[in-house]
Amino acid sequence: MNNDKPEYFNLRPEVEKAYGYSHAVKIGNSIKISGAVSMDDEGGPTAVGDFLQQMKNCYSDLDKVLTHYGCTFDDVVVENVFTTDMQAFLEHAEYRNSIYTLQFPTGSWLEVKGLALPEFLIEIELEVHKPQ
């Protein structure tokens with residue numbers, strides 16, 4: 001088997017096809033995971049106005065992608081957070097202690113003007129190293 005051949009994964013195939021992206025791609029030991037937002041299976045926003053619940057929903061979806069590849073949050077090496085409300089993120093950043101129990105990944109926290117839909121308050125993308 002060729003480890004350099006991309007292996008794509010779609011968490012919500014219809015939504016991802018409509019918006020033109022794949023939720024994750026694995027090449028060799030590297031996995032790139034597109035930003036997760038708080039959405040239902042039809043692509044509609046969930047937990048509107050509830051920052052902490054949106055954050056939890058993002059991590060729940062990311063966990064599903066990690067599980068697909070046989071990984072956990074312990075395998076994450078980069079986490080980038082995009083938010084329209086940095087103050088709210090900082091107020092709830094402690095929640096990440098329940099996600100990253102061994103060590104925190106590298107990454108950036110960025111406040112942005114907007115995300116794909118105005119109801120989205122946070123988006124989290126990951127890079128993973130999966131040991132052989």
Side-chain angles (χ1 to χ4, degrees):
M1 184 170 135
N2 184 351
N3 281 343
D4 292 335
K5 183 175 190 226
E7 176 191 330
Y8 293 90
F9 175 70
N10 296 88
L11 184 62
R12 296 181 177 91
E14 294 303 314
V15 173
E16 292 165 43
K17 183 177 180 182
Y19 283 102
Y21 73 99
S22 294
H23 207 83
V25 61
K26 178 180 183 287
I27 301 174
N29 294 347
S30 179
I31 304 166
K32 310 285 188 191
I33 303 174
S34 292
V37 293
S38 182
M39 72 167 61
D40 61 25
D41 288 338
E42 288 74 45
T46 58
V48 174
D50 185 338
F51 193 94
L52 181 57
Q53 189 58 54
Q54 283 198 23
M55 185 183 218
K56 289 178 179 181
N57 294 347
C58 291
Y59 283 116
S60 176
D61 278 357
L62 292 166
D63 185 54
K64 292 172 189 171
V65 177
L66 291 170
T67 298
H68 169 79
Y69 287 111
C71 297
T72 70
F73 284 101
D74 295 335
D75 300 307
V76 174
V77 293
V78 179
E79 175 196 71
N80 292 317
V81 175
F82 305 89
T83 180
T84 58
D85 188 345
M86 185 59 72
Q87 187 59 41
F89 174 72
L90 293 173
E91 289 172 14
H92 298 294
E94 184 177 333
Y95 175 75
R96 296 170 65 251
N97 291 326
S98 67
I99 301 299
Y100 299 106
T101 58
L102 296 180
Q103 74 283 322
F104 289 102
T106 66
S108 299
W109 298 349
L110 302 164
E111 186 170 64
V112 296
K113 181 179 177 183
L115 296 167
L117 295 176
E119 295 87 354
F120 295 149
L121 303 174
I122 185 170
E123 182 169 340
I124 304 169
E125 69 178 17
L126 302 178
E127 293 185 30
V128 177
H129 178 76
K130 180 176 172 52
Q132 297 250 356

Next item on the list: Using a cut-off of 6.0 Å, state whether more than 12 heavy atoms not belonging to Glu14 lie near its atom CD.
Entry: no
Next item on the list: Calculate, to the nearest 0.5 Å, the distance between atoms CG and CG belonging to Leu102 and Asp74 respectively.
Entry: 4.0 Å
Notebook entry, point to check: Side chains of Gln87 and Glu111: does their closest heavy-atom pair fall under 4.5 Å?
Noted result: no
Notebook entry, point to check: Is it true that Val112 and Tyr19 fall in one hydrophobic cluster, defined by side-chain heavy atoms closer than 4.5 Å?
Noted result: yes
Item checked: side-chain contact (heavy atoms from CB on, under 4.5 Å) evaluation trace for Phe104 with Asn97 -> CA-CA 8 Å; Phe104 289 102; Asn97 291 326; 3.0 Å; yes
Note to self: Once side chain to side chain donor-acceptor pair (under 3.5 Å) is applied, do any residues pair with Tyr95, and if so which ones, sequence neighbours excluded?
What the structure shows: none
Margin query: How long is the straight-line distance from CG of Leu126 back to CG of Leu66, given to the nearest 0.5 Å?
Written below: 6.0 Å
Next item on the list: Could you point out which residue of Glu123, Glu125, Glu127 forms a side chain to side chain donor-acceptor pair (under 3.5 Å) with Asn80?
Entry: Glu125
Notebook entry, point to check: Does Glu119 reach the main-chain N or O of Pro45 with its side chain, forming a donor-acceptor pair under 3.5 Å?
Noted result: no
Checklist line | Exercise: identify the closest heavy-atom pair between Ile31 and Cys71 | finding: CD1-SG, 3.8 Å
Next item on the list: Find the distance between CG (Asn29) and NE2 (His129) and round it off to the nearest 0.5 Å.
Entry: 5.0 Å
Next item on the list: Over all heavy atoms of both residues, which pair between Ser22 and Ser34 is shortest? Give the atoms and the distance, please.
Entry: O-OG, 2.9 Å
Note to self: Are Val65 and Tyr21 connected into the same hydrophobic cluster when the rule is that any two of I, L, V, M, F, W, Y join if their side-chain heavy atoms are below 4.5 Å apart?
What the structure shows: no
Notebook entry, point to check: Are the side chain of Thr106 and the backbone N or O of Val77 linked by a donor-acceptor pair below 3.5 Å?
Noted result: yes
Note to self: Parallel, tilted or perpendicular, judged at 30° and 60°: which one describes the rings of Trp109 and Phe89?
What the structure shows: perpendicular
Item checked: Gap separating the CD1 atom of Ile99 from the CZ atom of Phe73, nearest 0.5 angstrom -> 5.0 Å
Margin query: Are Leu117 and Leu121 linked, directly or through intermediate hydrophobic residues, by side-chain heavy-atom contacts shorter than 4.5 Å (ILVMFWY only)?
Written below: no
Next item on the list: Kindly work out whether a path of hydrophobic side-chain contacts (I/L/V/M/F/W/Y, heavy atoms less than 4.5 Å apart) joins Leu62 to Phe82.
Entry: no
Next item on the list: Go through the steps for Arg12 and Asp41 under the test salt bridge (charged side-chain N to carboxylate O under 4.0 Å, His left out), then give the verdict.
Entry: CA-CA 6 Å; Arg12 296 181 177 91; Asp41 288 338; 3.1 Å; yes
Checklist line | Among Leu115, Thr84, Val48, the one residue meeting side chain to side chain contact (heavy atoms under 4.5 Å, CB included) with Phe120 | finding: Leu115
Note to self: side-chain contact (heavy atoms from CB on, under 4.5 Å), that's the test. Do Tyr100 and Glu79 meet it? Break it down for me.
What the structure shows: CA-CA 11 Å; Tyr100 299 106; Glu79 175 196 71; 2.9 Å; yes
Margin query: To the closest 0.5 Å, what do you measure between CE (Met39) and CD (Gln54)?
Written below: 10.5 Å
Notebook entry, point to check: So which heavy atom on Lys130 is nearest to which on Lys26, and how close?
Noted result: CD-CE, 4.0 Å
Checklist line | Pairwise distance CD1(Ile122) to NE2(His92) - rounded to 0.5 angstrom | finding: 9.5 Å
Margin query: Taking Phe9 as the starting point, is it possible to reach Tyr59 by hopping between hydrophobic residues whose side chains are less than 4.5 Å apart?
Written below: yes
Check: Are any side-chain N or O atoms of Ser38 and backbone N or O atoms of Thr46, one a donor and one an acceptor, separated by less than 3.5 Å?
Finding: yes
Item checked: Heavy atoms of other groups near Gln103 CD, more than 12 under 6.0 Å -> yes
Note to self: Let's go through Lys56 and Ser60 carefully: what are the C-alpha distance in whole Å and the side-chain angles of both, what is the deciding distance for side-chain contact (heavy atoms from CB on, under 4.5 Å) to 0.1 Å, and is it a yes or a no?
What the structure shows: CA-CA 6 Å; Lys56 289 178 179 181; Ser60 176; over 6 Å; no
Next item on the list: Evaluate the side-chain proximity of Val78 to Pro105: yes if any heavy-atom separation is below 4.5 Å, no if none is.
Entry: no
Notebook entry, point to check: Is it the case that Asn57 and Gln53 place a side-chain donor and acceptor less than 3.5 Å from each other?
Noted result: yes
